[in-house]
J.: 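Before anything else, here's the structure in question.
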Amino acid sequence: MFNSTPSREHDAEARRERLLKAAAAVFAKDGFEKASLRAICLKAKANVASVKYYFGSKEGLYREVFLSSCASKMDKDPPVTLADGASPEDTLRSWIHHLLDHVLLKRAANPVKSQLMAHEMREPTHCLNEFIKLVVGPFHEELQRIIAAVLGRKKVDEDCILYCHHIIGLCIHYDHCRVFVDRLGPPVPKTAPEVQRLADNIADFVLGALTSRRAAQPKPASRSKKQS
């Protein structure tokens, strides 16, 4: 059934897309280690040699599936940045809403991507470092710059990095711990208006803390005028 070379097909791109779609479903269900190339190829109606032809290996196929799903998300829904022109405070508020909207609504609408990420969290593959470098790293660094701007600091320091982790932790708590949140109440938001209210609540809390921190910063010593 499985030939040593890819079977002829008029639309080679269609075969490649079938492999990607089938691989996404199988990797999401079984994870990288347990996923079978045979199962992927059966689902895609292709032969095993097609994987080598298009992707080089099982690892290459997985990398294409995992990273392309993340890249397409970033292209369609780019993150909020200071370059957008709003004040640092409004930018931070928008950034928090963007993250909550992604983890509570958009990711729920893409279960395959969510399952792939869950497998990566449990059993990291060779792709995780690349994912952090290409996607997570720039996302974190922009938030750190926003925080520095809110604090009135000229550059990112260790405090900004720690506050970055704190803010993300506040947001993803509602995803990772939703079974507890739903039982303790109020339940995890399920609609866009509910997510907006939660984002505003978190933003008010965070901005209050950062504003207080900024006010407590020591003022730079003023230079005494040179006597003539």
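When a residue number appears, it is its place in the shown sequence, counting from 1. Keep in mind that what you see is a predicted model, and the values were worked out from it rather than measured.
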J.: If you compare all heavy atoms of Cys127 against all heavy atoms of Tyr62, which two are closest, and at what distance to 0.1 Å?
T.: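 Of all heavy-atom pairs spanning Cys127 and Tyr62, the closest is SG-CD2, 3.8 Å.
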J.: Begin from the C-alpha positions of His119 and Leu116 and carry the test side-chain contact (heavy atoms from CB on, under 4.5 Å) through to its verdict.
T.: CA-CA 5 Å; His119 283 296; Leu116 284 171; 5.6 Å; no
J.: Would you mind reporting whether Arg213 and Tyr163 have side-chain heavy atoms less than 4.5 Å apart?
T.: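 They are in side-chain contact.
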J.: May I have the list of side-chain donor-acceptor pairs in residues 187-197 shorter than 3.5 Å, sequence neighbours left out?
T.:
residue : atom : partner : partner atom : Å
Lys190  : NZ   : Val188  : O            : 3.4
Thr191  : OG1  : Glu194  : N            : 3.4
Thr191  : OG1  : Glu194  : OE1          : 3.4
Glu194  : OE1  : Lys190  : N            : 2.7
Glu194  : OE1  : Thr191  : N            : 3.2
Gln196  : OE1  : His97   : NE2          : 3.2
Gln196  : NE2  : Asp200  : OD1          : 3.3

J.: Who passes ring pair (Phe, Tyr, Trp, His ring centres under 6.0 Å) against Phe55, sequence neighbours left out?
T.: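 Once residues adjacent in sequence are excluded, Phe55 has no partner under the ring pair (Phe, Tyr, Trp, His ring centres under 6.0 Å) criterion.
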J.: Restricting to side chain to side chain contact (heavy atoms under 4.5 Å, CB included), what partner residues turn up for Ser57, sequence neighbours left out?
T.: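 Per chain and number, Ser57 pairs via side chain to side chain contact (heavy atoms under 4.5 Å, CB included) with Glu59.
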J.: From Ile146 CD1 over to Leu151 CG, what is the distance, rounded to the nearest 0.5 angstrom?
T.: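 Those atoms lie 12.0 Å apart.
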J.: Side-chain contact, heavy-atom cut-off 4.5 Å: Phe66 with Glu120?
T.: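 Yes, their side chains come closer than 4.5 Å.
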J.: Between Trp95 and Leu143, is there a side-chain heavy-atom distance shorter than 4.5 Å?
T.: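 Side chain of Leu143 against side chain of Trp95, heavy atoms only: contact under 4.5 Å found.
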J.: Mind checking what makes side-chain hydrogen bond (donor to acceptor under 3.5 Å, both in side chains) contact with Ser94, not counting sequence neighbours?
T.: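 side-chain hydrogen bond (donor to acceptor under 3.5 Å, both in side chains) check on Ser94 returns nothing, list empty.
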J.: Could I get the full list of side-chain hydrogen bond (donor to acceptor under 3.5 Å, both in side chains) partners for Asp101, not counting sequence neighbours?
T.: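 Only Lys106 meet the side-chain hydrogen bond (donor to acceptor under 3.5 Å, both in side chains) criterion with Asp101.
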J.: Suppose we screen for side-chain hydrogen bond (donor to acceptor under 3.5 Å, both in side chains). Which residues come up paired with Asp182, at least two apart in sequence or across chains?
T.: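 With sequence neighbours excluded, Asp182 shows a side-chain hydrogen bond (donor to acceptor under 3.5 Å, both in side chains) to no residue whatsoever.
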J.: Is Val156 isolated, or which residues cluster with it under the ILVMFWY side-chain rule of less than 4.5 Å, directly or via members?
T.: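 Grouped by the 4.5 Å side-chain rule, Ile161 form the rest of the cluster around Val156.
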J.: Who passes side chain to side chain contact (heavy atoms under 4.5 Å, CB included) against Asp204, sequence neighbours left out?
T.: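 Once residues adjacent in sequence are excluded, the partners of Asp204 under the side chain to side chain contact (heavy atoms under 4.5 Å, CB included) criterion are Arg93.
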J.: What residues form a side chain to side chain contact (heavy atoms under 4.5 Å, CB included) with Thr81, not counting sequence neighbours?
T.: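 With sequence neighbours excluded, Thr81 shows a side chain to side chain contact (heavy atoms under 4.5 Å, CB included) to Ala83, Asp84, Glu142, given in chain and number order.
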J.: Run the side-chain hydrogen bond (donor to acceptor under 3.5 Å, both in side chains) test against Asn201 and tell me which residues pass, sequence neighbours left out.
T.: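 Asn201 satisfies side-chain hydrogen bond (donor to acceptor under 3.5 Å, both in side chains) with no other residue.
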J.: Show me the side-chain donor-acceptor pairs of residues 19-36 shorter than 3.5 Å, one per line, residues at least two apart or across chains.
T.:
residue : atom : partner : partner atom : Å
Ser36   : OG   : Arg38   : N            : 3.1
Ser36   : OG   : Ala39   : N            : 3.2

J.: Flag the pair Ile147 / Ile167 as yes when at least one side-chain heavy-atom distance between them is below 4.5 Å, and no otherwise.
T.: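 Counting from C-beta outward, Ile147 and Ile167 do come under 4.5 Å.
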J.: Taking side chain to side chain contact (heavy atoms under 4.5 Å, CB included) as the definition, give me every residue that meets it alongside His140, ordered by chain and number, with sequence neighbours left out.
T.: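 Applying side chain to side chain contact (heavy atoms under 4.5 Å, CB included) to His140 gives Val136, Gln144, Cys164, His165, Ile168.
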J.: For the residue pair His166 and Val206, establish whether any side-chain heavy-atom pair is separated by less than 4.5 Å.
T.: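 Side-chain contact under 4.5 Å: no.
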